[in-house]
Amino acid sequence: MQEHNLHVYNTLTRTKEKFEPFSPPFVGMYVCGPTVYGDPHLGHARPYITFDVVSRYLRHLGYKVRYVRNITDVGHLVNDADEGEDKIGKKAKADQLEPMEIVQMYTNSFHDAMRALGNIPPSIEPSAAGHIPEQIKMVQEILDAGLAYESNGSVYFDVEKYAKTNDYGKLSGKVLEDLISSQEREGVRNLDGQSEKRSSLDFAIWKKANPEHIMRWESPWSDGFPGWHLECSVMSRKYLNFPFDIHGGGMDLQFPHHECEIAQGKAATGIDPVKYWMHNNMITLDGKKMGKSYGNGINLDQFFTGDHPLLKQAYSPMTVRFYILMAHYRSTLDFSNEALQSAQKAMQRLFNAISSLNDVKPSGSSTFNVQEWVNECYAVLDDDFNTAQLLALLFESVKVINQLKDGQTKLTEADLDLFKEKVNLFVFDILGLKDEEAQSGNQEEVDGLIKMLLKLRQDAKLSKDYATSDAIRDEIQALGFKILDGKDGSSWERQS
RNA sequence: GGCGCGGUGGCCGAGUGGUUAGGCAGCGGUCUGCAAAACCGUUUACACGGGUUCAACUCCCGUCCGUGCCUCCA
């Protein structure tokens, strides 16, 4: 395993801590996955790209990462439905489809979007519906520990009792008294099951299903379904064991979801389940938060096709990925056409420089300190995965590459090899970017053909037949290629 | 109302108690038959009001604004 100085920001302590997993070289990482009842949207892009880079970097450092990300396909109530219907069940009835058909459909489209964004699939992607027995078992464990109670067929976690001996709120910074008074101020909530609870803070770990509820399972307490926080506790425990190293998710999940995960896990096992809690920040759109009520929710597919009133053009999946990586994961990030267009251009410039790196010839001496640059790249990644700074350093490398081409900067063969290796490592392996344009399989044939045309154009220029040379250039450009005239002849690249 | 996070130049976005972020856009130059590209140089900053300090964009307090949570939405 590589020596490193990786520090990660731990929400639990609100500080950056040196990363030291429980049993190196193994690292367990759990990230809250999607609820598959709708198309993947922009809000899905950020957490999964963030933790994709985290897993890529950890693996690069030599860790054996087991990355677990769940598929939520069960048991969550519809926000605006007073009957407490299962979200997936409701959609199924509306569309006249089997619930599991819906689940499969949106799981597939989620996977498609993730693949397009360049995310490596997790090691294990367990589904909540596939872990009902384990969830029933954990409910029983919490009951046995005396930290939950049954009420009318449902089982609720007893928050106030748990809080007597545990710090409920340590992750989110909530104070129990504040929560109570805040809820009193809000008045009595009319949500289903409120009267069954001893305290409004208590949350369901097993919920009795209404008669019309489609997705339901037998349990010792009722025909019903597991509570909304339970699956993550159960599946992270099953595949990573408590305590495990990293738990990730969006900042919006801090409370109550992750706070409840800690409470449940501790109640059931006596073990504080997670060492490092990592939270990515939210995305805004033209400075406003996204949401259905704002009419600015955009599906990922709409980004990729440009088919949305707020989008002036299509943005490729890599442009979205690049743009997200231009900001630090703990900052809010604002999406706008202007910002995405600038990201698209910047990314193309980066790729163009990298592809031209292969043509650079080594020199007898070096005028650029490659090793120092490499060290800086590692230093910024070690500082809580600062991809924004890494990209700044990579644009420094773009400048260096261009100077190498012009002969203004020189590198020895050893330095050049190191430089090439590390530029490729950071851009493609760690940031997970892909040069989509260069993916076509007949790259070499195209290169040969265009170079032949450039030769003809050069001949025309030498005989001052500019009409012909310009015609060749215009035709090539019309096909989507740019002609770059340099001191040592012409080269070409694809137009962004 | 409570808890948390943030307000950086035309736009996006890093970072720091005293020294260049970076990208996109703009401007000037080199190169070029012209153009593009590339390269060089360069203009616009740290919400507002106090305070601490030799020194604050960076620390503290207040105000305003944005945002997340306080809802069985994961």
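Heavy atoms only: backbone and side chains are in, while hydrogens, waters and symmetry mates are out. Chain A is the first sequence line, chain B the second, and so forth, proteins listed ahead of strands; every chain is numbered from 1. Every value quoted in this text rests on a predicted model; they were computed, and no experiment measured them.
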Base, sugar-phosphate, or nothing for A/K461, non-hydrogen atoms under 4.0 angstrom?
base

Please check the phosphate of B/rA14 (OP1 and OP2 only) for any side-chain N or O of A/S331 closer than 4.0 Å.
yes

Proximity to the side chain of A/N386 - top-ranked nucleotide from B/rG15, B/rC40, B/rC12
B/rG15

Ring stacking, A/Y466 with base of B/rG33, under 5.5 Å and under 30°?
yes

So A/F335 and A/F303, would you call those rings parallel, tilted or perpendicular, with 30° and 60° as cut-offs?
perpendicular

Interatomic distance, A/H328 NE2 vs B/rG15 P [rounded to whole Å]:
6 Å

Nearest-angstrom distance from the residue atom CG of A/N281 to P of B/rG7
11 Å

Nearest-Å distance for atom pair CG/P, residues A/L391 and B/rG22:
13 Å

Whole-Å distance separating the CG atom of A/D334 from the P atom of B/rG7
14 Å

With respect to the phosphate group of B/rC24, does any side-chain polar atom (N or O) of A/R349 fall under 4.0 Å of OP1 or OP2?
yes

Round to the nearest Å and state the distance from A/L230 atom CG to B/rC72 atom P.
16 Å

From B/rG23, B/rA25, B/rC70, pick the nucleotide closest to the side chain of A/K345?
B/rA25

When the distance from CZ of A/R14 to P of B/rG4 is rounded to whole Å, what number comes out?
8 Å

